[in-house]
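Report on the following structure.
Note on naming: letters A, B, ... go to the chains in the order of the sequence lines (proteins, then strands), and numbering restarts at 1 for each one. The figures that follow rest on heavy atoms only: side chains count, while hydrogens, waters and symmetry mates do not.
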Amino acid sequence: MENRKKLPKALLNRYKLLRRTKSEKVVFTFAFIAFFIYASLIILPILYLFIMASFASADAYGDYLYLRTTNPNYTIFNIQLSNNFKNYLYIFNMEISPDGNTYHLGDMLFNSLWFCIISSTGGVLMSAFTGYVIAKYKFKGRNLIYSIVIFCMTIPIIGTTGSMLKLVSEGGLNIINTPWFVILTSLGGFGFNFMVLHAFFKNVSWSYVEAVLIDGGGHFTAFFKVVLPQATSSIITLIILALIGTYNDYTTPILYLRSYPTIASGIYELSNDLTKYFEPTGTFAVLLVSIVPIVTLFAIFSDKVMKNFSIGGLKG
Amino acid sequence: MVKTDNPKKVTLKDKIANRVYKRQHKVFEYNHSTGTVLNRKKTAIFIITMLAIPVINWLVFWLYINIQSIGLAFLDARTKQFTWDNFKYFWDQLTLAGGSGILFIALKNTLIYFGSTVLIVLPISLVISYFLYKKIAGYKIFRVIFYLPAIISGMALVAAYKELIGPGNLWDMFLHLFGKSVPQKGYLNDAHSATVVILIYTIFTSFTSNVLLFSGAMARVPTEVLESAKLEGCSPFRELIELIFPLIWPTFATQLVFTMTGIFTASGPLLLFNPPDGSTTISYWIFTSVYGPNGNGAAENAYNLVSAAGLCFTLAGLPIILGVRKLTDKIDPVEY
């Protein structure tokens, strides 16, 4: 009986505690309005791309550019849009020639695919290797490696692009403009990914490894079959984040992989290639279509990424 | 000697057993309490195998690159002889009369971008994170939308943004309400206005990961602390500044130190905006120097000039970054 009486009062107190006061409500209302405006401003460029991609023709876009600068009464609301999606077909006809050869959508898609997969998984996997060994094994040089990692992360050395180009070009490793550039440079195991996975493995109990060793298994078995699967969640999150970065990266391909244009570098070349017939409406359509794969990927994994994101280590 | 991080304390018995094992087998380590026998050789092979590729990668693509970069800074591109000319060029471009040197302009603009990150992006990220953490209406959808600029290609966003701020477009229409208008030649053809619009774009799209990190840290703040503060009549502002901020200080300090590392590399997506020279930043100057005009190849001495400038900026940044790190370390985090 006593409990019955106490429960509603406790709930009431809790409700009072969680309920927002009047002044809080005002603050939160203003914040909501600000959030709504900011969110709308983020969505607006995407909607605008859609409008730009819906021009009836390149000529219509040209007229629009001319009229909007010469006629003060001419605004965005005066433009005539196409009611079909023919501009989107331009993506299938898009071609670029960054190195003299012609590349089409298929080539760029294929290049994007392997570039993204190798760059993102290579780095994360290597970081898992280094993170695990440095977190769980004591050996000479362990602390030195850890200190170097921290030093490299805190002190960024500026202006090494020239040196990098010299190293990978002819006379150096001669891997520029080859898939080897992506493979070899992506195999770094230190940096942000290392910090995250090192923190994760530090918290994994050594008993798992011991159990494997007692059963006659080796260190590789313990790592790949027992410890690594426990880090799947963190690893997937890191790979997704890396994938987003590499998919949108256009500077690496235009500097180091001219003969392997990706979707991102292809669009960059396309919008800068003034020697060719410039198809602006088609380019807007391509830009819009190009964001679909990565937004889809993020939509699938957004919950995982959002939940796992926290500093000092992604939660496992 | 190869050892392992064993959570259980190694007893004297273990140590004796280890020594006996080592004498008998020379290659084994034995943990008496758990019964684990570690083969020293196999453990060493495992460690070397796991570390070999990343360490070689670091030696080649970090250490060698940096050593070579220092070498390039002191090298004449044509004669391949030692020279101070690259540093002279750096100094001249930094101190040219009237601040017209390209490196002075680049440095000034870089510091503007950097200042905006420290003074605008970080504090606003903190406020946004607070309201998301306090579950403002629609917080789940806001959290995803606010992260979109990190996902959507910069090319797509910049293309739309450039259009939106053009003459006769939405921004122009908005300005007409106040009797003003966008200049006929647009904002991006003038160095000063180009820097302003690129800076606004950069700030606008920079909250993404900061918000996620800060709201992640806030999620770990004990609710009891906030509840008792609320009973005392604590306002949202005081709650954020006096309670939450000290509790998430380690996260904020880490972000601050990482932001400081960008003191001489802060920039916006200038390559996509293609602004006039007066809007350049250090990063953009480095890129355009090695990429060459429209990607047509760098000048003969471009690598050397870039390396010399990079070396000077790195050395200038070193004490600043270390100083901020030391300062943030001095503030003890609140234990909870």
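- Looking at A/Ile254, both its backbone and its side chain come within 4.5 Å of chain B, counting heavy atoms on both sides.
- Heavy-atom distances place no part of B/Ala302 under 4.5 Å from chain A, backbone and side chain included.
- Applying the 6.0 Å contact sphere to CH2 of B/Trp171 captures no more than 12 heavy atoms from other residues, nucleotides or ligands.
- Only the side chain of B/Thr49 comes within less than 4.5 Å of a heavy atom of chain A; its backbone N, CA, C and O stay farther away.
- The most heavy-atom pairs under 4.5 Å with chain B, out of A/Thr161, A/Leu173, A/Leu255, come from A/Leu255.
- Using a 4.5 Å cut-off between heavy atoms, B/Phe214 makes no contact with chain A at all.
- Using a 4.5 Å cut-off between heavy atoms, A/Ile43 contacts chain B through its side chain alone, with no backbone atom that close.
- Aromatic rings of B/Phe142 and A/Tyr38 (six-membered ring for Trp) have centroids beyond the 6.0 Å cut-off, not under it.
- A donor-acceptor contact shorter than 3.5 Å links the side chain of B/Asn57 to the backbone of A/Leu184.
- For B/Ala308, no part sits under 4.5 Å from any heavy atom of chain A, backbone or side chain.
- A donor-acceptor pair is defined here as one N or O able to donate and one able to accept, closer than 3.5 Å; such a pair exists between the side chain of A/Asn248 and the backbone of B/Ile151.
- In this structure, no portion of B/Val182 lies under 4.5 Å from any heavy atom of chain A.
- For A/Phe35 and B/Tyr139, the distance between ring centers is not under 6.0 angstrom.
- In this structure, no portion of A/Val286 lies under 4.5 Å from any heavy atom of chain B.
- In terms of non-hydrogen atom pairs under 4.5 Å with chain A, the most contact-rich of B/Tyr64, B/Phe204, B/Phe264, B/Phe287 is B/Phe204.
- Of all the heavy atoms in A/Tyr132 and B/Met50, the pair that sits closest is CD2-CE, 4.2 Å.
- Nearest heavy atoms, B/Thr314 versus A/Ile158: OG1-N, 3.0 Å.
- To the nearest 0.5 Å, the span separating CE on A/Met52 from CD on B/Glu163 amounts to 5.0 Å.
- Looking at B/Trp285, neither its backbone nor its side chain comes within 4.5 Å of chain A, counting heavy atoms on both sides.
- Both the backbone and the side chain of B/Leu271 come within contact range of chain A, with heavy atoms under 4.5 Å apart.
- Shown here is A/Phe28, whose CZ atom has more than 12 heavy atoms of other residues, nucleotides or ligands within 6.0 Å.
- Residue A/Phe36 places its CZ atom among 12 or fewer non-hydrogen atoms of other residues, nucleotides or ligands, all under 6.0 Å distant.
- A distance-only check finds a donor-acceptor pair linking the side chain of A/Ser163 to the backbone of B/Ile65 [under 3.5 Å].
- At most 12 non-hydrogen atoms from other residues, nucleotides or ligands lie less than 6.0 angstrom from CZ of B/Phe237.
- Looking at A/Phe190, the atoms closer than 4.5 Å to chain B (heavy atoms on both sides) all sit in the side chain, from C-beta outward.
- The line from CZ of B/Phe61 to CE of A/Met164 is 5.5 Å long, rounded to the nearest 0.5 Å.
- Surrounding NZ of A/Lys166 are at most 12 heavy atoms belonging to other residues, nucleotides or ligands under 6.0 Å away.
- Between B/Leu157 and A/Ile291, every side-chain heavy-atom pair lies at or beyond the 4.5 Å cut-off.
- Using a 4.5 Å cut-off between heavy atoms, B/Ile141 does not touch chain A at all.
- Between A/Gly159 and B/Ser69, the closest heavy-atom pair is O-OG, 3.5 Å.
- For B/Arg325, the part lying under 4.5 angstrom from a heavy atom of chain A is the side chain only.
- Interface residue B/Val257: only side-chain heavy atoms are found under 4.5 Å from chain A.
- To the nearest 0.5 angstrom, B/Ile152 atom CD1 is 10.0 Å from A/Ser290 atom OG.
- Between the side chain of B/Thr261 and the main chain of A/Ile155, no donor-acceptor pair closer than 3.5 Å is present.
- For B/Phe131 and A/Phe32, the ring centers are positioned 6.0 Å apart or more.
- The two residues A/Pro156 and B/Ile321 have their closest heavy-atom pair at CD-CD1, 3.9 Å.
- Annotation for A/Phe284 and B/Ala159: closest pair CE2-CB, 4.3 Å, computed over non-hydrogen atoms.
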Apply side chain to side chain contact (heavy atoms under 4.5 Å, CB included) to the pair A/Thr160 and B/Tyr303, showing each step before the final yes or no. CA-CA 8 Å; A/Thr160 55; B/Tyr303 295 175; over 6 Å; no
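- At a 4.5 Å heavy-atom cutoff, B/Lys140 makes no contact with chain A through either its backbone or its side chain.
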B/Tyr161 and A/Tyr48: CA distance, side-chain angles, deciding distance, ring-ring contact (aromatic ring centres under 6.0 Å, His included) verdict: CA-CA 9 Å; B/Tyr161 180 72; A/Tyr48 195 73; over 10 Å; no
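- Taking CG of B/Leu63 as the reference point, atom SG of A/Cys152 lies at 8.5 Å (rounded to 0.5 Å).
- In terms of heavy-atom pairs under 4.5 angstrom with chain B, the leader among A/Ile148, A/Ile244, A/Thr154, A/Val168 is A/Thr154.
- Note on A/Thr251, A/Leu297, A/Ile294, A/Leu167: by heavy-atom pairs under 4.5 Å with chain B, the leading option is A/Leu167.
- Taking CD1 of A/Ile42 as the start and CZ of B/Phe207 as the end, the distance is 9.0 Å to the nearest 0.5 Å.
- Contacts between A/Ser23 and chain B at a heavy-atom distance below 4.5 Å are absent for every atom of the residue.
- Atom CG of A/Asp249 sits about 10.5 Å away from atom OG of B/Ser153, to the nearest 0.5 Å.
- Chosen from A/Val27, A/Leu187, A/Val295, the residue pairing most often with chain B at heavy-atom distances under 4.5 Å is A/Leu187.
- Considering every non-hydrogen atom in both B/Met155 and A/Ala264, the closest pair reads CE-O, 2.9 Å.
- Proximity to chain B (any heavy atom under 4.5 Å) is shown, for A/Phe194, by neither the backbone nor the side chain.
- B/Leu148 touches chain A through its side chain: at least one heavy atom from C-beta onward sits under 4.5 Å away, while N, CA, C and O do not.
- No side-chain heavy atom of A/Ile145 sits under 4.5 Å from any side-chain heavy atom of B/Trp58.
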Go through the steps for B/Phe46 and A/Tyr137 under the test ring-ring contact (aromatic ring centres under 6.0 Å, His included), then give the verdict. CA-CA 10 Å; B/Phe46 174 73; A/Tyr137 290 82; 5.4 Å; yes
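- Both the backbone and the side chain of A/Leu41 have a heavy atom closer than 4.5 Å to some heavy atom of chain B.
- Using a 4.5 Å cut-off between heavy atoms, A/Ile267 contacts chain B through both its backbone and its side chain.
- If you measure heavy-atom distances from B/Ile136 to chain A, the contacts under 4.5 Å come from both the backbone and the side chain.
- Interface remark: B/Ile53 contributes backbone and side-chain atoms alike to the contact with chain A (heavy atom separation under 4.5 Å).
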